[in-house]
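Down below is the structure, laid out as structure tokens.
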Amino acid sequence: GGLYPWLLEADDEYDTWRAELFALIDNGADIIAYPTLLYMLDGLKLVPAEGFNEWDHAHLETAYSTIEAMLVRGADPNLSIGSLDNRNKQTPLSVIIRDLHSQIDQVQTYPMWRRNPEEIESLFRMLMRIIDLLLRHGADDPRPDLYEFHDYRSQSNVDYGPWILQRADCTPLLRQDVLRRRSA
């Protein structure tokens with residue numbers, strides 16, 4: 001956990017990072033009772049930020065396969081950190097949905113951050129795949145408004161559920177989760 005995933009992005013040593021992570025797990029690092037998956041997802045910074053490398057397709061696939069391998073090895077997709085009132089609670093699902101929101105917001109709001117449309121779409125597809133992967137492994141989040149984010153510019157909440165539902169890569173499980181929360 002911790003800052004280690006940022007080294008992955010800053011140093012561009014994806015395969016080494018993955019090998020070291022699984023060596024730690026194989027030597028007894030507890031990924032079942034400790035929220036390692038959550039810390040890793042939060043630290044990955046899948047949405048590019050200033051001073052960090054862009055994620056190319058191979059790096060995104062490495063991130064996906066690492067998340068998948070952690071889930072297969074028993075990482076709990078529901079271990080969370082944060083407050084008991086659920087407002088500031090972070091779950092693996094909320095972290096990835098936050099990244100999806102950030103990417104959508106960057107594309108819509110900050111034209112200077114716009115990159116190659118294929119790269120942007122590749123990241124959208126990967127974030128959708130990760131959300132589906134987490135849901136398939138039983139991830140949940142207690143908030144009914146999980147897909148809503150407060151827009152400080154307009155001082156209103158923006159629901160990203162419709163954006164997700166219109167995508168061709170919205171899986172039946174993800175569709176069900178979005179619709180369940182919208183009817184709650």
Side-chain angles (χ1 to χ4, degrees), residues 5-6 9 35 37-57 59-60 63-64 67 71 76-184:
W6 286 9
E9 199 171 357
L37 177 65
L38 173 62
Y39 286 123
M40 186 196 82
L41 291 172
D42 190 44
L44 278 177
K45 303 292 182 210
L46 288 169
V47 176
E50 186 177 341
F52 291 99
N53 297 329
E54 295 286 331
W55 286 80
D56 66 20
H57 183 72
H59 297 149
L60 290 171
Y64 181 89
I67 295 163
L71 290 165
D76 186 342
N78 292 306
L79 278 180
S80 61
I81 58 171
S83 66
L84 296 175
D85 68 359
N86 296 333
R87 292 301 332 136
N88 295 317
K89 182 181 277 191
Q90 283 191 336
T91 65
L93 194 56
S94 71
V95 167
I96 294 299
I97 291 169
R98 179 202 63 209
D99 285 349
L100 180 64
H101 160 260
S102 295
Q103 179 66 11
I104 295 168
D105 191 53
Q106 282 183 13
V107 168
Q108 292 176 345
T109 308
Y110 304 106
M112 67 286 225
W113 286 13
R114 291 191 181 144
R115 299 175 304 281
N116 177 331
E118 290 177 21
E119 291 174 2
I120 294 168
E121 185 56 31
S122 178
L123 182 54
F124 281 147
R125 281 191 307 270
M126 183 55 66
L127 292 168
M128 296 287 285
R129 282 179 60 200
I130 293 170
I131 294 168
D132 180 67
L133 174 67
L134 291 168
L135 290 171
R136 283 187 282 124
H137 282 270
D140 199 3
D141 188 285
R143 291 169 282 212
D145 61 350
L146 181 64
Y147 298 101
E148 293 180 19
F149 291 88
H150 186 73
D151 180 0
Y152 292 97
R153 291 175 302 276
S154 68
Q155 292 298 309
S156 63
N157 285 343
V158 178
D159 181 2
Y160 287 93
W163 185 93
I164 292 169
L165 292 172
Q166 76 171 349
R167 290 188 53 88
D169 55 0
C170 180
T171 64
L173 192 56
L174 178 51
R175 179 174 305 282
Q176 179 183 6
D177 191 59
V178 171
L179 292 174
R180 172 179 63 93
R181 292 173 194 283
R182 294 188 87 202
S183 66

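In this text the structure is predicted, and so the values were computed from the model without any measurement.
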Closer than 4.0 angstrom, basic N to acidic O: yes or no for [X] and [Y]?
| X | Y | value |
| --- | --- | --- |
| Arg181 | Asp140 | yes |
| Glu148 | Arg182 | no |
| Arg180 | Asp177 | yes |
| Asp141 | Arg143 | yes |

[X] and [Y]: which non-hydrogen atoms are nearest, and at how many Å?
| X | Y | answer |
| --- | --- | --- |
| Gln103 | Ile120 | NE2-CG2, 3.6 Å |
| Ile81 | Pro35 | CG2-CG, 4.1 Å |
| Leu127 | Ile96 | O-CG2, 3.8 Å |
| Leu135 | Leu174 | CD1-CA, 3.7 Å |
| Pro92 | Leu38 | N-CD1, 3.6 Å |
| Leu93 | Leu146 | CD2-CD2, 3.8 Å |

Distance, nearest 0.5 Å, that separates CG of Leu165 from CG of Leu179: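 Here the interatomic distance stands at 5.0 Å.
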Point-to-point distance, once rounded to the nearest 0.5 Å, from NE2 of His137 to CD1 of Ile67: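 Rounded to the nearest 0.5 Å, the NE2-CD1 separation comes out at 11.0 Å.
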Criterion side-chain contact (heavy atoms from CB on, under 4.5 Å) on Ile104 and Tyr160, from CA distance to verdict: CA-CA 9 Å; Ile104 295 168; Tyr160 287 93; 3.4 Å; yes
Test item: Ser94 side-chain N/O and Gln90 main-chain N/O as donor-acceptor pair under 3.5 Å: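 Side chain of Ser94 to backbone of Gln90, a donor-acceptor pair under 3.5 Å: no, none is there.
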The single option from Phe149, Tyr147, Phe124 passing ring pair (Phe, Tyr, Trp, His ring centres under 6.0 Å) against His101: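 Going through the options one by one, the only one that passes is Phe149.
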Side chain to side chain, Arg129 and Met126, heavy atoms closer than 4.5 Å: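 Side chain of Arg129 against side chain of Met126, heavy atoms only: contact under 4.5 Å found.
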